[in-house]
Amino acid sequence: MASLVQFMDLICHRTEDNGADEIYLVFNGGRVWGGEDGEEIAQGQTRNLRGLVLPVNGLSHLALFDEDWPDSDDALGVHEVNESQAGTGIRTAVFNWDDAHYTLTYRVERNPFG
Ligand SMILES: [Ca+2]
Ligand SMILES: [Ca+2]
């Protein structure tokens with residue numbers, strides 16, 4: 001049975017760049033938030049991701065990146081989301097590679113539509 005992951009608050013505790021980052025979120029290999037150029041975010045800022053709800057079948061992978069140009073983008077961390085987490089309440093993904101520090105809260109629920 002499939003579950004749904006609902007994302008909540010993405011908090012930037014520390015950026016990877018000097019100044020603002022341009023971040024985007026990748027779920028199972030596809031970019032799902034942040035757009036082509038990334039979402040500009042500074043230390044101490046929060047983004048509301050509650051509009052982002054995605055299906056989770058088995059084990060899924062979430063990754064946060066900082067867009068850089070002309071350098072290649074920086075991976076800031078990966079996190080596993082599992083459909084078996086359904087109904088276990090609010091969880092926190094931590095992305096802290098490259099001296100960056102972001103947290104993203106989310107919850108997994110059983111898909112009411114099957
Ligand atoms: Ca960077
Ligand atoms: Ca950047």
Side-chain angles (χ1 to χ4, degrees):
M1 181 180 309
S3 297
L4 297 172
V5 55
Q6 179 186 29
F7 296 98
M8 303 179 83
D9 293 308
L10 176 68
I11 303 172
C12 177
H13 304 275
R14 190 168 59 245
T15 57
E16 196 274 334
D17 288 347
N18 294 316
D21 280 345
E22 301 77 27
I23 54 169
Y24 58 91
L25 201 57
V26 170
F27 188 70
N28 288 337
R31 197 181 294 214
V32 293
W33 180 86
E36 198 173 328
D37 297 325
E39 167 82 6
E40 187 170 311
I41 189 168
Q43 181 168 311
Q45 292 187 335
T46 299
R47 293 291 181 272
N48 181 347
L49 271 63
R50 283 175 174 74
L52 187 57
V53 177
L54 299 168
V56 181
N57 296 302
L59 184 62
S60 297
H61 292 89
L62 188 62
L64 189 70
F65 288 85
D66 169 48
E67 201 264 351
D68 282 344
W69 193 89
D71 297 346
S72 54
D73 297 354
D74 298 310
L76 304 182
V78 296
H79 183 82
E80 291 183 347
V81 177
N82 199 310
E83 69 172 289
S84 67
Q85 294 170 343
T88 58
I90 296 171
R91 291 172 167 268
T92 303
V94 178
F95 304 99
N96 59 2
W97 293 358
D98 257 1
D99 283 334
H101 184 199
Y102 287 83
T103 53
L104 173 60
T105 46
Y106 68 94
R107 63 185 182 191
V108 180
E109 301 293 345
R110 288 169 77 162
N111 186 346
F113 306 107

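Just so it is clear, the structure is predicted and the values come from calculations on it, not from any experiment. Remember, it's 1-based here, ligands and their atoms both numbered in the order they're listed.
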Assess [X]: does it contribute an N, O or S atom lying under 3.0 Å from the Ca ion (ligand 1)?
X     : result
Glu16 : yes
Asp17 : yes
Asp98 : no

Test Leu49 against Leu25 for side chain to side chain contact (heavy atoms under 4.5 Å, CB included), laying out the working first.
CA-CA 11 Å; Leu49 271 63; Leu25 201 57; 3.8 Å; yes

Asp74 side chain to Leu76 backbone, donor-acceptor under 3.5 Å
no

Asp17 side-chain N/O to Gly19 backbone N/O, donor-acceptor pair under 3.5 Å
no

With the Ca ion (ligand 1) as the reference point, give the N/O/S atom of Asp68 that is nearest.
OD2

Checking distances from the Ca ion (ligand 1), one finds that the N, O or S atom of Asp74 closest to it is OD2

Once the angle between the rings of Tyr24 and Phe65 is folded into 0 to 90°, is it parallel (under 30°), tilted (30 to 60°) or perpendicular (over 60°)?
parallel

Do you know the tightest heavy-atom contact between Tyr102 and Cys12?
CE2-CB, 3.4 Å

Count I, L, V, M, F, W, Y as connected when their side-chain heavy atoms are under 4.5 Å apart, and connections chain through other members. Are Ile90 and Val53 then in the same cluster?
no

What does the angle at the Ca ion (ligand 2) come to, between atom OE1 of Glu22 and atom OD2 of Asp66, rounded to 10°?
140°

Identify, by name, the N, O or S atom of Glu67 lying closest to the Ca ion (ligand 2).
O

